[in-house]
Amino acid sequence: MVTNKITGAEAIIRCLLEEGVDIVYGYPGGAIMPVYDELYKFQDQLHHVLVRHEQGATHAAQGYARATGKVGVAIATSGPGATNLVTGIADAQIDSTPMVCITGQVGKHLLGSDAFQETDIIGISTPVTKWNYQITEASEIPEIIAKAFYIARSGRPGPVLVDITKNAQFDELDFSYTKCKGVRSYFPKPVLDHQKVAEAATLINGAKKPYIVFGQGVILGQAEELLKAVIEKTGIPAAWTILGLSALPSDHPLNVGMLGMHGNYGPNILTNECDVLIAIGMRFDDRVTGNLATYAKQAKIIHFEIDPAEVDKNVKTDVAVLGDVKESLAALLPLVEAKSHEAWHNEFKEKYKIELESVINDELSPKGEGISMGETIEMINKHSNGDAIMVSDVGQHQMFTCRYSKFNQSKSNITSGGLGTMGFALPAAIGAKMGQPDREVVAIIGDGGFQMTIQELGTIFQTRVPVKIVVLNNEFLGMVRQWQQLFFDKRYASTEMINPNFIAIAEGYYIKAKKVTQREDLDAAVAEMLASKEAYFLEVMVEKENNVFPMIPTGASVSDIRLS
């Protein structure tokens, strides 16, 4: 193996190149300056994107990772630079997004002295990382970075943070790089128990009302085609979590819709009427289950899961199939019987008719003067033909986006799920577009969340990344306002937004911008936006008190879902 003596900073860049990294997102500072000096030298091989805030770096890295399936990379300096990464790291942890964050740190001799811009980022980030490590000697760099990428992408993916002291960046080492293929005592993928697969198949084959609920694990495990094959062979209706959305085409006849607090009526109601519930790559989040005391108590529960910690954590299973979902479904497929379950599927169709008449028709074809969020999403569907990547922020617009967007291919719905991070969408859309430059990327954002990372318009301006930005402006923190209306007697405490001139701000960053206030202008504006070869900002003034339904109140059963 050829070795050569180089600085630790150069070694970091060479490690990234060895791992196939092509884009990194970051913000320079004193403790990471040696690495940035090497980035300057290697700029023809490794593209660095200068964000406007370190949180933007993590969300952009997340968007890149979610759109491509690769590991996203973010870089920051010590102290406030490192702590500004924490929200995005926590978001990546709960949503199982593979990401490596590299932070600079004060010199080894200054550790623990409260030196300028020193913070214990290892201690701070431990609860929200899959693994973290502080490098204090240059010789550690190749092995630790190789391990970081292996841990981030293997098994159930997640974020890893590597903190590197400044002396380690300046000092020299004999560089050689070997990709990590395993870590002692870390077992990322459980060995598949074929007996458990057979037990699951027996329950499925004997079921009268089987029901599949699937999550992002299907996408992370690249098992979309196997999921589709199992569903089509068995005739089992399948519903998705918001992070599982797009794993199955929207127009698939066995795709019955969205689970959870603002999910579709049938998928929620019929959870408590199925006799076998098959959970695939999902973790029974509280927003999906509602009150656990009343969740699917009549059903046998089968759980296909890669992370043993998720099994029996929230919902007690009858059969747990631990393993890589692709391997598990491949083993299951030949064991399940071909059926149609037509009568059972018709129950979902009947429930959909109720929701269509009570909610969906009014949302997609409103009779009032105000524009609805749902009809805006439907207009984007019309012009994108279901081929766009939709990146949504957090709030009412997120639920409308997930409920009404149409998708033809996987990795098309990117949103903050478990953490619910406002400000996620704008930087995440930057990363998604850079990762998938040939696909249209549309960020759907509320007026509140937009202002949390509005500075990333500067990143768009500088990089010329042609993302499309749609701000659905109701001049409220809409989701909180909806709760205040329904459960706090319309006491709108600190939720009304007095907003700036968003169009002027976008134009200040030299981004083409348009504002729509009338329904008759919406079609042409969306068409113009999607036809643009450059970044485009579209502000749509929507109804101020447009609520998202159905809705399961906090603490209620999935059977108690409200249509109004």
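Bear in mind that the values here come from a model prediction, so they are computed numbers and not experimental data.
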Say you draw a straight line from CG of Asn255 to CG of Asn264; how long is it, rounded to the nearest 0.5 Å?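 Answer rounded to 0.5 Å: 9.0 Å.
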
Short side-chain to backbone donor-acceptor contact, [X] and [Y], under 3.5 Å:
| X | Y | value |
| --- | --- | --- |
| Arg562 | Ser564 | yes |
| Ser96 | Ala92 | no |
| Gln436 | Ala67 | yes |
| Ser358 | Leu563 | no |
| Glu363 | Gly374 | yes |
| His345 | Pro253 | yes |
| Lys351 | Leu270 | no |
| Asn474 | Val542 | no |
| Thr415 | Ser392 | yes |
| Asp393 | Ala425 | yes |

Would [X] and [Y] pass as an ion pair if we require N to O under 4.0 Å?
| X | Y | value |
| --- | --- | --- |
| Arg153 | Glu19 | yes |
| Asp324 | Lys326 | no |
| Glu310 | Arg156 | yes |
| Lys406 | Glu378 | no |

For [X] and [Y], does a side-chain donor sit closer than 3.5 Å to a side-chain acceptor?
| X | Y | result |
| --- | --- | --- |
| Gln298 | Asp275 | no |
| Arg66 | Gln62 | no |
| Asn547 | Gln485 | yes |
| Thr87 | Gln55 | no |
| Thr126 | Asn132 | yes |
| Tyr186 | Lys130 | yes |
| Tyr295 | Asp286 | no |
| Arg287 | Thr241 | no |
| Asp91 | Thr421 | yes |
| Gln396 | His262 | no |
| Ser246 | Ser412 | no |

Test Ser557 against every option in Thr294, Thr271, Thr289 by the side-chain hydrogen bond (donor to acceptor under 3.5 Å, both in side chains) rule and name the one that passes.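 Of the listed residues Thr294, Thr271, Thr289, the side-chain hydrogen bond (donor to acceptor under 3.5 Å, both in side chains) partner of Ser557 is Thr294.
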
Counting C-beta onward and ignoring hydrogens, is there a side-chain heavy-atom pair between [X] and [Y] closer than 4.5 Å?
| X | Y | value |
| --- | --- | --- |
| Ile302 | Asp318 | no |
| Val471 | Val540 | no |
| Asn408 | Pro249 | no |
| Met399 | Met261 | no |
| Asp447 | Leu477 | no |

Minimum heavy-atom distance [X]-[Y], with the two atoms named:
| X | Y | result |
| --- | --- | --- |
| Ala429 | Ala443 | CB-CB, 3.8 Å |
| Leu292 | Lys297 | O-CE, 3.3 Å |
| Ala279 | Phe284 | CB-CZ, 3.4 Å |
| Val86 | Ile124 | CG2-CG2, 3.9 Å |
| Ile219 | Ala247 | CG1-CB, 3.7 Å |

[atom1] ([X]) with more than 12 external heavy atoms under 6.0 Å:
| X | atom1 | result |
| --- | --- | --- |
| Lys300 | NZ | no |
| Gln222 | CD | no |
| Lys313 | NZ | yes |
| Lys316 | NZ | no |

Go through the steps to decide whether Lys233 and Glu337 satisfy the test salt bridge (charged side-chain N to carboxylate O under 4.0 Å, His left out), and finish with yes or no. CA-CA 7 Å; Lys233 183 177 181 181; Glu337 298 170 357; over 6 Å; no

Between Phe348 and Tyr211, what is the ring plane arrangement, given parallel below 30°, perpendicular above 60°, and tilted in between?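 Ring orientation of Phe348 relative to Tyr211: tilted.
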
